[in-house]
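Structure first, commentary second.
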There are 4 protein chains.
Amino acid sequence: MAKILIIYDSESDRKFTSTAVPYVKEGVESVSGMEIRVKHVDEAETEDVFWADGIAIGCPTHLGGVSWKMKKWWDDRTPDIWFKTDGKFAVPFTSAGSLGGGGELACMAMSVMMMNMGYFVFGITDYVAKKESLHYGAVVAGEPRAEHAKEACRRAGRRLAEWVGYYMEGRKDLHPLEAKYTRFWELAD
Amino acid sequence: MAKILIIYDSESDRKFTSTAVPYVKEGVESVSGMEIRVKHVDEAETEDVFWADGIAIGCPTHLGGVSWKMKKWWDDRTPDIWFKTDGKFAVPFTSAGSLGGGGELACMAMSVMMMNMGYFVFGITDYVAKKESLHYGAVVAGEPRAEHAKEACRRAGRRLAEWVGYYMEGRKDLHPLEAKYTRFWELAD
Amino acid sequence: MAKILIIYDSESDRKFTSTAVPYVKEGVESVSGMEIRVKHVDEAETEDVFWADGIAIGCPTHLGGVSWKMKKWWDDRTPDIWFKTDGKFAVPFTSAGSLGGGGELACMAMSVMMMNMGYFVFGITDYVAKKESLHYGAVVAGEPRAEHAKEACRRAGRRLAEWVGYYMEGRKDLHPLEAKYTRFWELAD
Amino acid sequence: MAKILIIYDSESDRKFTSTAVPYVKEGVESVSGMEIRVKHVDEAETEDVFWADGIAIGCPTHLGGVSWKMKKWWDDRTPDIWFKTDGKFAVPFTSAGSLGGGGELACMAMSVMMMNMGYFVFGITDYVAKKESLHYGAVVAGEPRAEHAKEACRRAGRRLAEWVGYYMEGRKDLHPLEAKYTRFWELAD
């Protein structure tokens with residue numbers, strides 16, 4: 001079994017990012033043979049990171065970057081984790097207050113953080129609807145209500161599971177370019 | 001008269017970015033006393049940059065960055081322009097193929113380029129509709145068809161004109177926090 | 001008098017970033033007529049931000065981004081500060097564990113944060129020695145021991161003071177392109 | 001045999017980036033069983049990208065981003081390459097005019113470009129000397145003359161080869177955390 005950790009921080013009040021988590025999880029579960037842990041950053045432990053082959057990391061977009069609580073989690077554990085997680089896989093997701101409001105930047109800030117820890121980060125070439133994609137991680141505004149927003153979260157989780165299965169377990173059938181689901185390439189136009 | 005240059009590159013076929021230009025220009029024109037030049041990157045000259053107090057710079061989002069033609073324009077002119085434009089103002093706008101597809105990153109890539117040239121870049125705190133903002137520059141997907149997309153382009157142009165008027169011409173009434181138009185702060189929630 | 005706030009976070013143990021602060025402060029002081037507050041993030045208050053015309057913001061480079069404590073400071077105060085600081089000026093500085101280790105990215109992450117708050121951020125075209133510059137803010141590795149590292153910190157502070165004086169107080173003599181100090185343009189080669 | 005492409009652009013005059021290429025190549029060659037192509041962007045063909053399992057991509061740091069010629073290469077080929085290279089591996093290297101002058105940002109801009117093409121990008125946790133690392137790709141100022149600068153280039157090439165060998169050819173002995181060479185973790189302090 002491949003092991004996937006979904007670690008997330010969420011707004012203290014409206015908890016928008018937490019509403020994206022079930023869709024990310026659905027995406028992971030759409031690939032067979034995935035063992036999943038879902039942890040709010042308040043309860044996640046260093047061991048969860050060592051356990052996981054791949055991590056979906058999510059936080060609210062705060063000031064175009066990583067929420068402080070998620071940043072603290074990794075900053076505090078750097079001496080313990082660094083040089084131990086090289087070559088694992090990570091994908092970000094975020095809930096921003098608005099489109100154009102920093103969601104892509106927050107995703108990239110999470111990817112930068114994970115790169116510093118030695119992780120692989122990756123682009124997701126898929127479209128999930130006409131004019132809707134998640135090339136640098138799943139970005140939703142507020143809760144994921146529109147179908148394309150839910151699908152972006154699912155796709156992020158699924159892609160992570162596909163790559164972990166493909167590269168870490170040698171399941172060649174999981175290569176996303178072989179996937180039967182529509183990637184909406186036709187909608188890219 | 002303050003001087004504003006709108007310099008843009010556009011897709012060779014569908015020209016989506018060029019469809020954003022009229023709205024950016026409208027935004028600049030909504031502030032009195034602005035002299036405006038609009039130049040496609042193929043016809044812009046180094047002198048246009050020296051002439052302008054502020055620049056609205058737009059390009060299609062290509063691979064999460066600046067389109068090569070816009071990049072070439074500035075790369076080629078670096079020896080002539082560098083150390084001559086410090087302290088001027090710039091704001092980016094872009095047309096991406098999709099939301100979540102790199103538009104914010106392309107805006108930031110343009111801002112990085114302008115910072116290297118000594119320009120001031122700035123965040124736009126405004127919302128232009130519920131869950132729609134342009135904190136790092138105006139991002140539209142394809143053509144700006146929705147009213148909020150048009151307004152994002154207008155607001156980018158307007159904010160540039162406001163700051164240039166405020167700081168370079170001492171027109172204290174132009175401070176955006178004094179603006180009468182709605183900034184949709186109430187919609188930020 | 002123009003008002004400059006130096007707000008910084010520092011490593012809890014070796015405090016490298018704090019050793020950069022005196023040089024940033026020296027740089028601000030090299031411009032006459034600047035009132036200065038220096039505050040560790042643990043003691044800074046929201047009012048300091050309202051008081052200041054310009055901010056030099058510094059933190060250790062942690063995982064290629066803003067240290068969690070500095071992020072928390074701004075995240076927590078967002079509802080109070082947002083829409084009140086538009087058009088002020090900010091410049092970042094950082095101490096990284098190594099060159100090539102994320103210092104530029106941490107500076108840009110701070111700039112992104114400040115842009116979200118409506119601040120102007122700016123590039124510093126200067127070289128401070130042959131092959132040493134601070135185009136996106138001052139980056140030092142560990143303590144600023146080499147003269148060019150000290151000078152990068154000074155230059156960041158000085159440039160901030162120059163722009164604040166120039167734009168907010170109308171002191172036209174402060175334009176950096178008129179500065180008598182060497183900008184090492186000749187060393188750019 | 002795993003296949004590695006080194007694709008690079010270089011300054012038209014001093015060609016600093018091209019002087020980094022031999023060290024990147026040395027790094028790739030330090031792993032057995034690697035087939036290598038080295039192509040200047042003027043002579044590289046789309047087929048080279050399809051051929052390669054992993055790409056070391058290098059360009060001069062121009063205005064904190066990708067040099068226009070490298071950008072043009074990928075922009076022009078996007079319709080042919082997109083959705084065909086998902087899951088391959090890429091690592092950036094750059095020659096900047098100065099430290100603090102945008103080299104990290106240029107590396108990240110290349111990584112963003114490759115992510116958009118579906119590539120994996122990765123952080124390199126290693127130090128190559130005290131206070132010298134390449135966490136986001138190899139950054140050198142001018143030519144790589146200092147030993148640590150040469151070693152940064154070598155390490156980037158080597159890491160790419162290690163990961164390609166490890167993940168694409170199942171050579172479990174190539175995991176970098178098992179490497180016998182010093183990673184200078186002790187120098188991180």
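Bear in mind that the values here come from a model prediction, so they are computed numbers and not experimental data. Just so it is clear, the values below take in all heavy atoms, side chains as well, and ignore hydrogens, waters and symmetry mates. Order of the sequence lines sets the chain letters (A, B, ...), proteins ahead of strands, with each chain counted from 1.
Considering NE2 of B/His135 and OG of A/Ser98, their distance stands at 4.0 Å, rounded to 0.5 Å.
Interface remark: A/Leu99 contributes backbone and side-chain atoms alike to the contact with chain B (heavy atom separation under 4.5 Å). Interface residue B/Leu134: only backbone heavy atoms are found under 4.5 Å from chain A.
Checking side-chain atoms of B/Glu132 against main-chain N and O of A/Gly100 turns up no donor-acceptor pair under 3.5 Å.
Counting heavy atoms of neighbouring residues, nucleotides and ligands inside a 6.0 Å radius, atom NZ of B/Lys88 exceeds 12 of them.
Minimum interatomic distance between A/Leu105 and B/Glu104 (heavy atoms only, all atoms of both residues): N-OE1, 3.2 Å.
Contact annotation for residues 52-66 of chain B against chain A (heavy-atom separation below 4.5 Å, listed by residue number): B/Leu63, B/Gly64.
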